Every structure is written in structure tokens, then in C-alpha cells.
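The basis for the numbers below is simple: all heavy atoms, side chains too, and nothing from hydrogens, waters or symmetry mates. Note that the structure is a prediction, hence the values are computed from the model and not measured. Throughout, a chain's letter reflects where its sequence line sits, starting with A, and its residues are numbered from 1.
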Number of protein chains: 4
Amino acid sequence: MRGDKTPVGILGATGVVGQRLLALLDRHPWFEPAWLAASDRSAGKAYGEAARWRLSTPLPERFARLPVSAAEPAGCPAKIVFAALDAALARELEPAFAAAGHAVISNSSALRMQADVPLVVPECNPDHLALLERQPSYARNGGFAVTNPNCSTVGLVMALAPLERAFGIESVFAVTLQAVSGAGYPGVASLDILGNAIPYIANEEEKMEVEAQKILGRLTAGGIEPADFRVSAHCNRVGVVDGHLESVSVKLKRRATQAEVAEALRGFRGRPQELELPSAPAAPVLVTEAADRPQPRLDSEAGGGMAAVVGRLRRCALLDYKFSVLSHNTLRGAAGAALLNAELLRAEGRI
Amino acid sequence: MRGDKTPVGILGATGVVGQRLLALLDRHPWFEPAWLAASDRSAGKAYGEAARWRLSTPLPERFARLPVSAAEPAGCPAKIVFAALDAALARELEPAFAAAGHAVISNSSALRMQADVPLVVPECNPDHLALLERQPSYARNGGFAVTNPNCSTVGLVMALAPLERAFGIESVFAVTLQAVSGAGYPGVASLDILGNAIPYIANEEEKMEVEAQKILGRLTAGGIEPADFRVSAHCNRVGVVDGHLESVSVKLKRRATQAEVAEALRGFRGRPQELELPSAPAAPVLVTEAADRPQPRLDSEAGGGMAAVVGRLRRCALLDYKFSVLSHNTLRGAAGAALLNAELLRAEGRI
Amino acid sequence: MRGDKTPVGILGATGVVGQRLLALLDRHPWFEPAWLAASDRSAGKAYGEAARWRLSTPLPERFARLPVSAAEPAGCPAKIVFAALDAALARELEPAFAAAGHAVISNSSALRMQADVPLVVPECNPDHLALLERQPSYARNGGFAVTNPNCSTVGLVMALAPLERAFGIESVFAVTLQAVSGAGYPGVASLDILGNAIPYIANEEEKMEVEAQKILGRLTAGGIEPADFRVSAHCNRVGVVDGHLESVSVKLKRRATQAEVAEALRGFRGRPQELELPSAPAAPVLVTEAADRPQPRLDSEAGGGMAAVVGRLRRCALLDYKFSVLSHNTLRGAAGAALLNAELLRAEGRI
Amino acid sequence: MRGDKTPVGILGATGVVGQRLLALLDRHPWFEPAWLAASDRSAGKAYGEAARWRLSTPLPERFARLPVSAAEPAGCPAKIVFAALDAALARELEPAFAAAGHAVISNSSALRMQADVPLVVPECNPDHLALLERQPSYARNGGFAVTNPNCSTVGLVMALAPLERAFGIESVFAVTLQAVSGAGYPGVASLDILGNAIPYIANEEEKMEVEAQKILGRLTAGGIEPADFRVSAHCNRVGVVDGHLESVSVKLKRRATQAEVAEALRGFRGRPQELELPSAPAAPVLVTEAADRPQPRLDSEAGGGMAAVVGRLRRCALLDYKFSVLSHNTLRGAAGAALLNAELLRAEGRI
């Protein structure tokens, strides 16, 4: 059965996002992990030995037995390579894999803002994939890189996309309460976060402010023309395991009633839903009427961890509307985001 | 020695704020608790028996032995009565105590927005105390009520006051990460908040939006004319014991450099500092340069829990500046706020 | 399809355990909730309105629409009634339902130690069910009560049962680190447990010390003859949502190597496994070799939350062996325990 | 004023224990930090720059300005050197400093069990200090090393010492719930401990089992003869910042009533109390009658963080008595322990 599936590789397979990817790929109908790479320290060991498995679902036995390879294009047998690397490492390895002819599905920030690299949330801007044809390696050997946004950007953008479509957006305020899994492992020290909150995450605000504009921008002959709204982001870390919660205010270009805004969010569908991609949630944005939701511990897994949950939609005294939005930072915000990108590429015939 | 001190009463003495008040009053140079009142369930018991003491400093023995009285003006021997009650109860009891000639120093929301009731942060609007003369009971028997703001308002207002003075404020965006002690005891269920965040606190946003305007408003013959800036607040609960952290963006009326803004915050002083009130911090606003501060667990006790700590001052892409501000919600945000009001009243010769 | 299932009732349906029961019964092959009862405050409302649903899986729509009935035998159409009540209420209601001819599957402590009431962990003492025939109501109208142990007893007993069988047990030392969900909702106040641990849970130690003896005791003509080992328990509450972790030392009657002890635990199987009951885990006790497991957040869901996970088996300097054991307190320790008891009763032809 | 004080050095000054030491030494009547050493990465910087200060009390300005030296005896001007190092580093550096003539007051495990090194809790075994004369360097140049126990041993031993004196001890069970600060910084990853508990701390159980015997052992001509009781320890990590809580059962050699046991604990005094050492708590062991104490967040600071708090004293079904004991792991369990050792050495005229 697995012989029919497309083999895929994972760069950074032992990390938090790599582990999530493996868990998602365990029963994936199209893809099968065939090559796992990690740091030199791990290379040569069996994956089960090299990885400190941190998920509550068990590590599938067949993955535990896979050898960990060195993170070099040389020995990688798979066309599709998921990259779950630190930005510094990604900056070096992702272009190398693309240059070697791989389809690099990246979760890092290294290439996201590069002009010829698609930064894609499949429900929001599937057409941006066309950018990949402009990458030098593409013509040469079919290699390219595609990226998904930062984990704190994705929930925001999923809520903004239908509003941008329906009403246009003028400006956005977003304050995050981010889970510790977003910082990888070991990541945030317990002494820093137990019973505490930290009003700072390095580079996070900058990423949110520009990524949202690129994703909701327009593909032109000259590249992506960023959306013209401004975003002001404040990023905080809180003692939550999974699920980034954001307090958002938004000013629209056209007047809309609260019911219309709710309807736009609720009715939002995109290519993944049309194509019925395996990892696509039925509805990308869920809108709850409960007074005190969404909450990370209760709502992060909504839509298999692939939906954004919006709640507390109400008038804003400053901009037009305010709401809270939650999304699972290592699923929709990382591993699942990459996987959905790969599914979209495949369904669109690009890999 | 204690015989020289002014006896004070406490309504709601067994609650979280009542306990903090007692701890603050333990070695207070001016005031000595002489009358403790709580619900009927507690009345008649010794305080040490009636209260489930929740502070890490021990309950002073002489308070443990005080009897708990019924919450009625009848038997209360003290002119000054601190009120740390739920709003519903406060709405009934505070006017009754004022009518009976007491100086009610209230921490509840019941009377805060009433036209003739001062809502005071001593560093920000000490002149508003004059309002109390307009209360009907004042002429009759010297009774009145004075209030302090909601625990999530006070840190915000302390940071806004010097900016309003120096530059004028046009609009404010504030998102809170609030500690559980703000909800009293038992308050927030552990099942709700462990490893979680909740994007809702009943009535909190409404309070923040109007209280800030009243406090920074102007005392006129016709009452308080609210400040003309608009505030948009989002309130979240997080798993922190003490200390409300807020992400704030602010638009100023007059142009100011970042250095000028920092200087205005740092240089802020008010009547409590002039008068050297016993509970006044040396500087009401501390400004930190550390990249990741203020943090509730590390900074809430700054200035004896009476200072607001501002950090991460920087440009805002939407308004002019953004920063984080932290204040201790049961000290500066409740018990200490009430105590400082009482000290101001006394130093100004009003009690 | 559901028409073929046996209708069941739930007493205390809105609480933490009641909610878990509903979640477990959502797709149960044999049973279908047909009658939900709760306190008078809830009676008359639809369940979806009356219950503050606290699980991360959504409340099934058909349960949300069920009306909440008053907690009286009168209107209850189901023979089988799960009882998830506080002990005080249970002491009154459970006998009333049994007297009215119901099969009461109880999770409370009210009747557990009563001589004619089976206290059953299906893998450990399924034969104790025979006790129910000695209950007065049984002959009269087929009514009876069966109980499962306290949530902190069950994991311990599951680990002790195979050791008692294989080697005999002389004495047991058990210290618990218990999750907050064991205290129901609202249960433990966040101010009590955030960043804290509490070395006390009312009546918990007493329950553990006698329940283990009854469960591993012998059914005789005169009733249950308790097992003759002694148990010393210390109970602590920690800031964990689900999963009771216990540090256990045990002295055996017969000498055994560590490998034999591990083998006894690993090889343990009972009636639920033989009968392939729907809620039975494949193996009731899992033994992990990982140095730092079991851990509540990672291992509580093992075996669908119905397995006990033993780790760190090693020599004890005082008794013979020591180990840690973890079990999910609201699944194997409450809702799942009751359900497995009901499945056993049904498979044994007793209901 | 400070010129009159004895200058001291600190090895490992930037770590969690080093920071605590500096905070304790800020207003110490006898000692003044004059030399701070840390890893090569920090050497050369000002302390305020090199250390990531993690305490809620501010870093004293004069320490912030001190330069960080390399961790070598060469440049160290102080006779007394506190060593707050990892065991591996300590094994190398502590003997080197002792050999160079320093009085090394060590908090690490490196030399604790060495036959000629005193392992001292000043209230329990001050006479063991005499061992230091048997160290080779002592005769040569007056250099020596003295150690304090592991942070999980000290609270236990403080509770055992008065029982050993009064009744003799036969055996001890101890299960710990240990705070994360015990693991240093960054130490325990938040992903590991948030909403979780971990039944393992490397080497901790072994330390507890032998250190207690050495501390309560007898100084003889041949060295320390370990106390003859056996200890069985289980060590768990929990999501608490400061304060190790332990569930302890103890078997006594001589029969004692519960009142006698309580009295022995309460009445316990030692050399630090006799000598009125600056860091000595008035009573080393506090006994609480509250049903649910001691608790880390509420009781760790008792006696300035230098007392052990015992609660829930009651009969044990297996041994004689059981109780919970709490002590502050970075004060009494580390920095304060070392400081009290230094004070004792000084008061005894040994330095």
C-alpha cells in the first residue's frame, strides 16, 4: 500500500515541528516519509533513538526504525522535502536543496520574504504558487521552495482573508498570546514562563507585520504587490502548550454590519476545500458565539488543528470590529501548514 | 503606640483584597484596623478563623484575633471604612455607609462612574477629590465615598497620565493579560486556566474604556468632563497569580520623539510623591530598557507593588507608540490603590 | 441504528465525569444516553444549555438537545443508570435508584465500602460482581448498585493486581501527584494551585488505603475478605489537568526478580480483555522503559485513557521494588471505569 | 562600612544559585562579594551584562558593575569562595581552589561524599566541620572545602535530625515534588513541565539516600560513620518555581507519641540559633497545624527561606509517622545553605 505513496523527506525531523509532521504523515493518503534528516549529532542513529518524542500520540514504529541522515541533498531520494529548520540553518540548506532539484516545502522564515518565493496559505493565496516558476532552479531542474507563514501570522491571515475579499482592510491591530511550543524544544525555559507572561518574542512582530501583507497581496508580473493595509503587532508569550490566541481589531475599507462580517468569516472557503485536500478543514474559519471562547486548551484542535477559531466578534471603539482568533501553532501554524502546501502543489499538478 | 493611629474599618475583610489591605496596614504609620466586616457566614467568628488567608506573609496575630462584624454601619466605630466588596454588595452597602457618615474608600465598580463620586489615582487626578463635597451626605454628616479604578485600568492610566499632560492623547489601544487574583477567591477555576488563556472577563473592557476617560478628565463646575481620547480594550485572563500585563498603543495629539515619551514617563511625579505619602512609590512609572520586560513574576513588586512598569517602548505602525505596562493588580490595582486614596485624603485634610 | 442500543441514564450529567461519560458514550456500540439528570437548577433546560461543556471534543448535537431531568427515579426510563454524583448526594440517590429497580453504576464513594456492594475494577476482581445478588433490592426488583474505586486508587490497584497474583503483596507505600480534574468543576481554585502543590486532598488517603484491600480481597460466603497487605498513602494535588501520577513502593511475599515483576505487569490480562469489552484496553498495564516516564501530559491517554502506565521499575531500599504509575483520572479513574463496569455486567449477562 | 567586611568570591556567579547568593549577600553584616567568576563566555564583561538576572528583587547596582573573572584561583583575592557550579565543573575547580589555599564553600555534589569533606547542615552536624582539618591542603596552606547537601536532602534532614536525636530513626520513605529552579537556568524546558509532572530527576534519589546518612552520621577518628537508617527516595519534578515539597514516612527506633514527635520538631534548635548566625532562622523547623500546608507558593519563604516547614504530621499505616516537609530549594537548599556554612565557619573561628 505504502509503495503507492509519494516518498517525502523531512529536514529537521527531530524537532517539535518535525515530530508533528511525522504524526500527520503517519496515515497520509498521498505521502510517506522515506528520508529523515537532522543535525550531525543525530545522523546515523535510528530516528526513535535520536528524537526525544514529545507528542502524546506514540511515535509510529516504522518511523522509529528509519535512520537519521545527514542534512545534505546528496543522499536524499525524495523529490519533496519538508523543511522544519531554524532560520539560520534554513538559510543555508533550503536553497541548497532547491538548487539540487527538490521541492522544498519550508516552514522557516529564511526565504519567506524573498521576491520569487511563494508565501502561501492555501485558502488565502493559492495563486501565489505560480511565483515558484520564477526561481532559477525551477527551469534548470524543477527545484524550488515554497513557504508557509510564521505561526503567529497564519491565524490572523485566515481571519483577515475573507474580510479583505469582502470589504477591503485598511488597518489591523493584533496582540498575541503565544504558546511555548512555538519556540521549539527546549525553547522557553520553565523558569521564564511558569506563572508568568513575557511581552517579547524575537522578530515576531516584524514577521507578522510584513507577512500578512505579502500573503494578502496581489500576484503581478513584477512579483507580489503587498496588500496596502498596515498591521501593528504586539507579541507576548504565555504559559500555554499549544495554540496562539490573538486579540485583533480591524478597520475595513467598506462599511459592513457585524452580521456581514460574521457571515464573511463563516462562509470563507478556499482551494483546499474545493479540492478536498486531505488536510483541509471543512471550513477554514469557525466562528463561535460563546462569550469566552476561543481558548487554546479547548479549541486548538478544531478542524483537526487546521481551522482558525474566531470568537467575541464585536464593535471596536477605535477601528471597526474586534475579535479573538485562535489557531494551533504547530499544526495550522507549522507542520499542517507545510503539509497543506504540499497537498495543494500536488493537487495543482506542480509536483 | 497603636493608640495614636486612626482606627479604620474594612468591609469585605476576608476576600483577596481585604487580606492585602490587612497586610498593608500591618505596619502602617497612620491607620490601624479596628473593625473587620464580612458576610453573615463569617460574622461572629474571629478573623483568623473566618478568613482563608492566602498570602505568603503570615496573618498578623492581632488581626487574627479581631472579631468579624456584620457588614452594617450600625456597629462600625471607624470613620474611615475601606470597602473591598463585590459590585452587587457594594451598590447596596457603600451608599449606606456613606449615608451613615463614613468615609468610604471603595475598590468596587459600584459607584465609580457616578457623577459626584471621585474616581481617583492619586498621581493622576488628586483634584477630583473635591467632587466628594457634592455628595448629599457630605454636608449632612461628612459621609462620602471615594473610589479607585478597576485593576486593569490603573496601570494603563498611570502610563497615560504623563503622556496626556505632555503631549495630549488622541486614542489608545490596550490588550490585557490579567492575573487570576483579579477575580478574587475562589475566582477562576483551575480547570479553566491551567495551561490556557481566556479571551474574556465580564464587564472589564467596558470599565477600562470609560474609567480612563473619567480619571484623565477635567473637574468642572458641572462635574467631570471626560478626556476626549478613545480607548479600545481587549481583556484576556492568563495563568499568572499577580500582575496585569498590557500591550498598549497610543496616538498622541502633539508630535513627540521616543526619547521625549520615555522621559515623560520616567519623570512623572504626582501629589503622593510631593506629599511623601507612606504608600507612594518613589516614581509611579518605571521605564525598563530590557528587551523582554516587564514580566508579572519578576516586576509586579516594583515600588512595593505600587509602581507601574513600562517596557518595550517603540514606534507603532498604526498609532504613534507602543509599549507594555505592568502593574500589581491587588496592590496598585486594588488594596494599595484604596490605601493611597485614604492617605491622600488624610494628607489633604479631608479626613 | 441507535434504536438497537440499550438506553442508559446519567445522574450528575453536567459535571466533569458526566461530560466524560457522554463523550465516551457518543459512539458506544451497546449503550445510548436516553435520560440525563442533574441538580434542580439545571432540570428543565436542554443539556447543551445546562452544562458548561469543558472537553476539547465538541458536545455531540443529539446530547445537547436532550432535556435535563430531575434526579429522581420516577421518570427514569432506563434500567442502567450511571451515577456521577458528589458523595453526599450519592448517599441519598444511589440507594433510591437501586431500590426502584435500576442498575446503578456508581462512581462515587458513598456505597463503595458497603459490605454487599461490589467495588470492581474489571481486570482485577470481576468475580466480586456476584455480591450484588446480596443486595435487598436485587431479589425484589432486580435493582442494585455497583461501584468503581476512587480515581487515585484505580491506577495503583491495576499495578498491584498482577503482583498480588504472581507474588503476593505484603505492603505498599503510595504517594500521589493528582490532577485538578479529579476535584470536579469548579473544583480547585486557580489561586490555590497555579505554580503550587497542595499536600492534602480530603479523605483521599483513607479511601486509597481501604479500597485497594477490598478490590484485591477474596469473595467469600461472608462477603469480601480484604487483602492482607497494608497501604500507606500520601495524597498531593498538583497543577496538572488530567492524569494521576503515583510513586509506589511495594514489598512482595515471594521473592521475584525485577524482570519477573516487569513481566507480571506486562503480561497482565483480565476479563475485559478476554471478553473484548468495547472500552477495554488491549493491555491494562503498559510498562515503559523510558527514564522519565510516565508523564501525565504525554501518557494519560494511553490505551484510550484506560491503561495504567508503569515506569521506572527499580529496586527499593526499604521494600522490594519501586515504580511510578499513571492513570487517567476522569477516564480510567471515573467515567471509563463506570462504563467498563457496565460493559462487564452486560457481557456477563447481569444486565 | 563595607571595607570592614570580609571579601568573598563566588564561582558560578551568573547561575540561579549564584544570583541568590548575591541577593543574600547584598546586606550581609560580615561578607561582601569582591570577586565574581563565571564561564569563559562571561569573563571580562560586567556582571550586570553577563548575568541574566532572574530574581524579582533588583540586582544591586554595585554588583552589576563588578567585572566577571575567569574561574581560576590565580586572580582571586578572597580567602572565602562560594562555589555554585555544575558537578562536572566543580569536580575540577573546587579542589583547585582548595589546593590554592581558599576556603571553598561548595553547593555542588562533586565532593560531598568524599571522606575528608564535611557535608554540613549547621543545625544538624556542626561538629563535622572538624573533618576539614584532614584535607591535605589544610595543613599546607589552610585551604579546604566544605559542602552543603543537595536541595532535596536538606529539608528532609532538617526534619529527621530532631527525630534521630530524640527517638532514633530506623527507616525513611521520601517522595519529592521538586521545583524547577532546582535544575538551574535554563534548566527544565517549559514544554516538559507545563501542566505536567516528571517522575525522574537524574541522580537525585541516590544523593538523598546517602547524604542523609552522612549528615546524621557520627564523626569518628576514622571519618564519618553513616547513620544506620535506610532511606528510600522517589523524586518528581513539578511545575513549581521555588520550594521542594516532600511526603515523608518515618519509622523510629523508640516509641513516641504524635505529640512528642511534634514537640521534638518544634523544639529543635542548633548551633546557628545558639550563635545567632545572621542567616539562621529563629527555629529551623516550623510545624503547622493547617490541614493543607505546607505549600510551596505560600510557605517557602518561611524563616527568610531558611526554615523547613512540616505539616500534616499523622500516623503512618506502614512505618510510624508521616508528614509533609517543605524547604526553599535555592535558599535553604543551596545559596542560603552555603552562606550558613560560611557563617558557622566564621563564628567557630575556622575562617
Check each atom of [X] against the heavy atoms of chain B and say whether the ones under 4.5 Å are side chain, backbone, both or neither.
| X | value |
| --- | --- |
| A/Leu245 | side chain |
| A/Arg237 | neither |
| A/Asp192 | backbone |
| A/Ile198 | both |
| A/Phe323 | backbone |
| A/Ser249 | both |

Between [options], who has the most heavy-atom pairs with chain B when the cutoff is under 4.5 Å?
| options | result |
| --- | --- |
| A/Asp242, A/Val180, A/Leu194 | A/Leu194 |
| A/Arg312, A/Lys251, A/Arg230 | A/Arg312 |
| A/Ala291, A/Gly239, A/Ala197, A/Cys316 | A/Ala197 |

Approximate separation, where rounding is to 0.5 Å, of B/Asn236 CG and A/Asp292 CG: 11.5 Å
Show your reasoning for whether side-chain contact (heavy atoms from CB on, under 4.5 Å) applies to B/Leu319 and A/Phe173. CA-CA 10 Å; B/Leu319 304 185; A/Phe173 252 121; 3.8 Å; yes
Spell out, as yes or no, whether a donor-acceptor pair under 3.5 Å connects the side chain of B/Lys322 to the backbone of A/Ala233. yes
Can you check whether A/Asn196's main-chain N or O pairs, donor with acceptor, with B/Arg297's side chain at less than 3.5 Å? no
Look at B/Val231, B/Val240, B/Leu318 and state which one has the largest set of heavy-atom pairs under 4.5 Å with chain A. B/Leu318
With chain A, the option among B/Cys235, B/Ser300, B/Gly311, B/Pro294 that has the most non-hydrogen atom pairs under 4.5 Å is B/Pro294
Does the pair A/Arg314 and B/His234 meet the rule for a side-chain contact (heavy atoms from CB on, under 4.5 Å), with working shown? CA-CA 11 Å; A/Arg314 60 208 190 281; B/His234 294 246; 3.5 Å; yes
Apply the test salt bridge (Lys or Arg N to Asp or Glu O under 4.0 Å) to residues B/Arg315 and A/Glu209: give CA-CA distance (whole Å), side-chain angles for both, the deciding distance (0.1 Å), then the verdict. CA-CA 13 Å; B/Arg315 280 273 167 198; A/Glu209 296 185 1; over 6 Å; no
So do B/Arg293 and A/Pro199 actually touch side chain to side chain, heavy atoms under 4.5 Å? no
Report, in residue-number order, which members of residues 154-169 of chain B are under 4.5 Å from chain A by heavy-atom distance. none
